[in-house]
Amino acid sequence: MSQKDLEGFFQGFLKKESFFINKKALQSSYMPETINHREKEIKQLANILAPSLRNDKPSNIFLYGKPGAGKTLTVKHIIKNILSVAKQSSVNLNFLYLNCKLRKISDTEYRIIAQLGRELGRTIPTTGLPTEEVYKMFSDAIENKGGIIIFVLDEIDQLVKKVGDEILYNLTRMNEELKKTQIGIIGISNDLKFADNLDPRVRSSLSEEKISFSPYDAIQLQAILKERCILAFKEGILEEGLIEKCSAFAASDGGDARRCLELMRVAGEIAERNNEPMLKIKHLDEAEEKIERDMVFETVLAQPKQFQAVMYSILSISKGNSYIFTGDVYNIYKTLCIKAGLRPLTQRRLTDIVAELDMLGIINTKVISKGRYGRTKQITVSLHEVVIDKIKRSLEDVLEI
DNA sequence: AGGTATTCACATGAAACTATTCTCTGAGTTAGG
DNA sequence: TAACTCAGAGAATAGTTTCATGTGAATACCTGT
C-alpha cells in the first residue's frame, strides 16, 4: 500500500459511518443504570446489607450461579448505591472488592492477605515476611479503618481451589479479635457445588445467607440484549431476528449474558470491518468462531514452553482420528523435546499439564478404561482443522522447530 | 454359561526437592565533623 | 559517628520429581452344568 493509498484508507475510515454509537455498552465492564430481571436478588441482597448502614455487621453472604448470570454486576450495583447513602449520612462503611481469578494476586494465602492489606492502604512486601506477620499487619489495617468493612470475594471457588479454605476460616474468625471494626464477607462463586466441600465451620459462617442466581432465560436475555444494542448500535443496522437468534443461542448455552453481549459486539466489529451495510445473522456465526479462535490462541501462546510442547504434541496427532491417549502424547512429546532442546518432563507431570490444558478449555479430556488394556485419558480437540493448523504453525515458531 | 480374579496403563495423591525471588539484618565501609 | 552498602539469612513460591496407591472393565481362568 503506497502512502497515498494508506492516507486515503484512513480518510475513508473517518468518513465511513461506524456501526457503533457506544461500544462500551456491550462490554462486560459496563454498568447499566438499572439492572433488569434481577429484582428479586437485588432486593434480597439489599435487605441483608442494609443493617450495615446502622453500623451493625450484616450477615455473611454467599452468592452462586452460573457465569454471566449477573452476580458481579448486581453486587457492584448495590455497593454503588449503598455507598452513596453511607456517604450522605457519613457512615463508616467500606467495601473491598477482590477478584480471586486474577492470578498473581490470589495464588497463595499470603498474596491475598497482602493484597487486601494494600487495598486498605498498607504497603506490604510481596514476599519475605512470615504469613503470620502479614495477618498482623492486615488486622492492624482493618482496626485502623474502623466501622464496617465488607470483603467481596469474587470467584471465591478459584481461591479455595488454589489455597484452601483456611484463609476463609481466619477471615470469618477475625471479628472476635477486632474491637473498632467489624468485617463481613460476600462470596461469589460460579461453581454450584463449591460449598459442599468446604470445612463445615467455614461453610456455616460464610453462608449465613445464600442467594442463588438462576441463569437468564431466552426472553430475559433478549430483553437485556435489546436494551444494550439500542445503546450500542446505530438504528436500523441490525437485521431482523438477529437479537432473537443471538439470545436464543446464548440461552441454550447456559444463559450466559456476558457471552451473549460479546458475541454481538464481535459480530458488529466483523461486519463493520467488512464494509457490510448491515449486521446479519451470518456475522454471528463468524463471530462465534472468531471468539473461540482468539481465546485458544491467546491462552496457548501465554503458556510456558513445556505446555506449548505438550499442546503441539497433542495437535500433531489429533489429525483426523478423534481419540488420543496419554501414552501416545508422551511418546511424541519426548521426541519433540529432543528436537526443540527442552528437557523432557516425567509422565506424571505431563498428566498434570494435560489436565490444566483441559481446565483452560483448549482440549477436552475424559478418563476411560480400556479394560484389559488399561486406564487412560482420552483427549479430544474440538477445533477447526484450519485453526489447528494455525496454532501449530505459530507453536513451531515459538518452539523453534 | 456364568462368575471371579487378573491385569493393564495409566490416574491420582502426597511429599520432598530445586531454583528463584524478594525482604530484612547487620557487619563492614565511607564521609563528614 | 552517622549514613550507606551489600552479602547472606529467611521466607515463600513455582515447577518438578519420586514414591505410593488407586481404578474400571476387557480378558483369562475357573466352576459346575
Would you confirm whether the ring centroid of Phe20(A) sits within less than 6.0 angstrom of the ring centroid of Phe233(A)? yes
So for Arg372(A) and dG24(C), does any side-chain atom that can act as donor or acceptor lie under 3.5 Å from a complementary atom in the base? no
In whole Å, I'd like the distance from the CZ atom of Arg348(A) to the P atom of dA16(B). 16 Å
Of all the choices, dC10(B), dG15(C), dT18(C), which nucleotide is nearest to the side chain of Arg349(A) once you look at every atom? dG15(C)
Interatomic distance, Ile379(A) CD1 vs dA9(B) C1' [rounded to whole Å]: 14 Å
Using whole Å, report how far CZ of Arg343(A) lies from P of dA19(B). 10 Å
Ion pair Glu276(A)/Lys282(A), N-O distance below 4.0 Å: yes
Would one find a side-chain N or O of Thr326(A) under 4.0 angstrom from OP1 or OP2 of dC10(B)? no
Check if the side chain of Arg375(A) and the base of dT23(C) share a donor-acceptor pair of N or O atoms closer than 3.5 Å. yes
Please report the distance, rounded to the nearest Å, between CD in Gln378(A) and C1' in dG24(C). 14 Å
Over how many whole Å does the gap from Lys370(A) atom NZ to dT23(C) atom C1' extend? 15 Å
Candidates dC19(C), dA11(B), dA26(C) - which lies nearest the side chain of Lys377(A): dA11(B)
Search all heavy atoms of Leu96(A) against all heavy atoms of Phe151(A) and return the closest pair with its distance. CD1-CE2, 3.3 Å
Over how many whole Å does the gap from Gln347(A) atom CD to dA11(B) atom P extend? 7 Å
Can you figure out which of dA11(B), dT18(C), dC10(B) approaches the side chain of Thr351(A) most closely? dA11(B)
If I take atom OH in residue Tyr330(A) and atom P in nucleotide dC10(B), what distance separates them, rounded to the nearest angstrom? 11 Å
In whole angstrom, give the distance that lies between atom CD1 of Ile353(A) and atom P of dT12(B). 15 Å
Is it true that atom NZ of Lys390(A) has more than 12 heavy atoms of other residues, nucleotides or ligands lying nearer than 6.0 Å? no
Ring-ring centroid check Phe95(A) Tyr97(A), cutoff 6.0 Å: no
